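Beneath this line is the structure, given in structure tokens, with notes to follow.
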Amino acid sequence: MNTLVTVLAAAAPVASGWTAHVLWLRRRLNVARRDPLTGLRTREAFTRRATALLRDPRAIVVLADVDRFKQINDTFGHAAGDALLKATADRLAHHVGRSGVAGRLGGDEFAAVLIDDHGAAADMLAVLHGVLARPVDGQNLAVHTTVSLGWTRAADFPGDDLSGLLRRADEAMYAAKQAHAGSHRAGLGRLFATVAGRRAGRTGARTDAPVVGVAA
């Protein structure tokens with residue numbers, strides 16, 4: 001009995017140290033999955049969570065792009081631009097809530113998957129568009145802009161994975177930006193050229209990309 005107690009006592013510090021190490025690793029992994037500026041999930045972490053959410057037929061995929069971001073940076077400086085990105089991320093994450101996920105894909109481009117419980121995605125995104133257009137707290141009132149939103153309902157394209165749905169949302173977002181419409185749903189209006197899920201002019205797209213077609 002005494003031998004067992006001795007062994008357990010000797011092992012306790014080792015077990016405690018290993019537990020602390022595992023917790024440290026988990027914290028480091030969580031930090032690595034978060035964008036350092038906005039605190040949103042990085043592309044990889046967003047993809048993992050978003051893919052799981054797409055199993056829900058109520059899932060809505062949203063792509064958001066900050067309008068006139070370069071102009072804000074050039075006029076008011078990078079600190080003001082960073083504040084705008086942080087405010088956009090905070091508001092997007094709050095609107096998406098715990099049931100969805102938001103991520104920063106890079107630069108001034110954000111994505112989200114949210115669950116539309118009441119079949120009112122268009123109304124939800126109209127509210128979100130207004131929220132994202134508010135001036136940034138603590139900044140010059142001129143440091144604000146709109147955010148163009150493109151979205152698609154996953155159930156409308158059951159054969160698409162997350163990449164395909166983001167492509168459709170990207171198309172819709174570009175249509176919204178071109179028309180100054182605030183938000184646009186995929187499948188409405190002309191589709192623009194894409195290659196591998198990117199519009200012409202986006203990173204990874206060819207300049208000779210064909211037009212996808214015209215939606216009904």
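Scope of the values below: all heavy atoms of this structure, side chains included, with no hydrogens, waters or symmetry mates. The model shown is predicted, which means the values in this text are computed figures rather than measured ones.
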Which heavy atom in [X] sits nearest to a heavy atom in [Y], and how many Å separate them?
{"X": "Ala186", "Y": "Ala172", "answer": "N-CB, 3.6 Å"}
{"X": "Ala102", "Y": "Ala93", "answer": "CB-CA, 4.3 Å"}
{"X": "Arg49", "Y": "Ser99", "answer": "NH2-O, 4.1 Å"}
{"X": "Ser183", "Y": "Ala176", "answer": "C-CB, 3.8 Å"}
{"X": "Val96", "Y": "Ala112", "answer": "CG2-CB, 3.8 Å"}
{"X": "Leu54", "Y": "Asp161", "answer": "CD1-C, 4.5 Å"}

Is [Y] close to [X] at the side-chain level, that is, under 4.5 Å between some pair of heavy atoms?
{"X": "Arg58", "Y": "Asp117", "value": "yes"}
{"X": "Met173", "Y": "Leu149", "value": "no"}
{"X": "Glu109", "Y": "Val66", "value": "no"}
{"X": "Ile60", "Y": "Val113", "value": "no"}
{"X": "Asp35", "Y": "Arg41", "value": "no"}

When you measure from the centre of the six-membered ring of Phe46, is the NZ or CZ of Arg104 under 6.0 Å away and within 45° of the axis?
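Not flagged: Arg104 not positioned over aromatic ring of Phe46.
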Report yes or no: do Asp67 and Ser148 form a side-chain donor-acceptor pair below 3.5 Å?
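Yes, a side-chain donor-acceptor pair sits under 3.5 Å.
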Show which side-chain atoms of residues 125-137 pair as donor or acceptor with protein atoms under 3.5 Å away, not counting sequence neighbours.
from   : atom 1 : to     : atom 2 : distance (Å)
His129 : NE2    : Val147 : O      : 3.4

So how far is it from [X] [atom1] to [Y] [atom2], rounded to the nearest 0.5 Å?
{"X": "His180", "Y": "Thr146", "atom1": "NE2", "atom2": "OG1", "answer": "9.0 Å"}
{"X": "Leu63", "Y": "Leu105", "atom1": "CG", "atom2": "CG", "answer": "6.0 Å"}
{"X": "Arg68", "Y": "Lys177", "atom1": "CZ", "atom2": "NZ", "answer": "10.0 Å"}
{"X": "Phe110", "Y": "Leu85", "atom1": "CZ", "atom2": "CG", "answer": "5.0 Å"}
{"X": "Leu40", "Y": "Arg34", "atom1": "CG", "atom2": "CZ", "answer": "7.5 Å"}
{"X": "Asp123", "Y": "His118", "atom1": "CG", "atom2": "NE2", "answer": "11.5 Å"}

Answer yes if Trp151 and Leu92 sit in the same cluster of Ile, Leu, Val, Met, Phe, Trp and Tyr residues linked by side chain heavy atoms under 4.5 Å apart, and no otherwise.
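Same cluster: Trp151 reaches Leu92 through Ile, Leu, Val, Met, Phe, Trp or Tyr contacts under 4.5 Å.
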Would Ile115 and Val62 show up in the same hydrophobic cluster when neighbours are defined by side-chain heavy atoms closer than 4.5 Å?
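No; Val62 is not reachable from Ile115 via cluster members.
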Which residue, Leu162, Val101, Thr42, forms the side chain to side chain contact (heavy atoms under 4.5 Å, CB included) with Thr47?
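Exactly one pass, corresponding to Leu162.
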Intermediate values then yes/no, side chain to side chain contact (heavy atoms under 4.5 Å, CB included), Phe69 and Leu84:
CA-CA 9 Å; Phe69 180 68; Leu84 177 60; 4.1 Å; yes
Within the distance-only criterion (no hydrogens, no angle test), does the side chain of Arg185 pair as donor or acceptor with the backbone N or O of Thr152 below 3.5 angstrom?
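Pair absent, no side-chain N/O of Arg185 close to backbone of Thr152.
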Option passing side chain to side chain donor-acceptor pair (under 3.5 Å) with Asp74 (candidates His78, Lys70, Gln71)
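Result for side chain to side chain donor-acceptor pair (under 3.5 Å) with Asp74: Lys70.
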Under the criterion salt bridge (charged side-chain N to carboxylate O under 4.0 Å, His left out), I'd like the reasoning laid out for Asp90 against Lys86: C-alpha separation, chi angles, the key distance, then a yes or no.
CA-CA 6 Å; Asp90 289 345; Lys86 182 68 167 62; 3.0 Å; yes
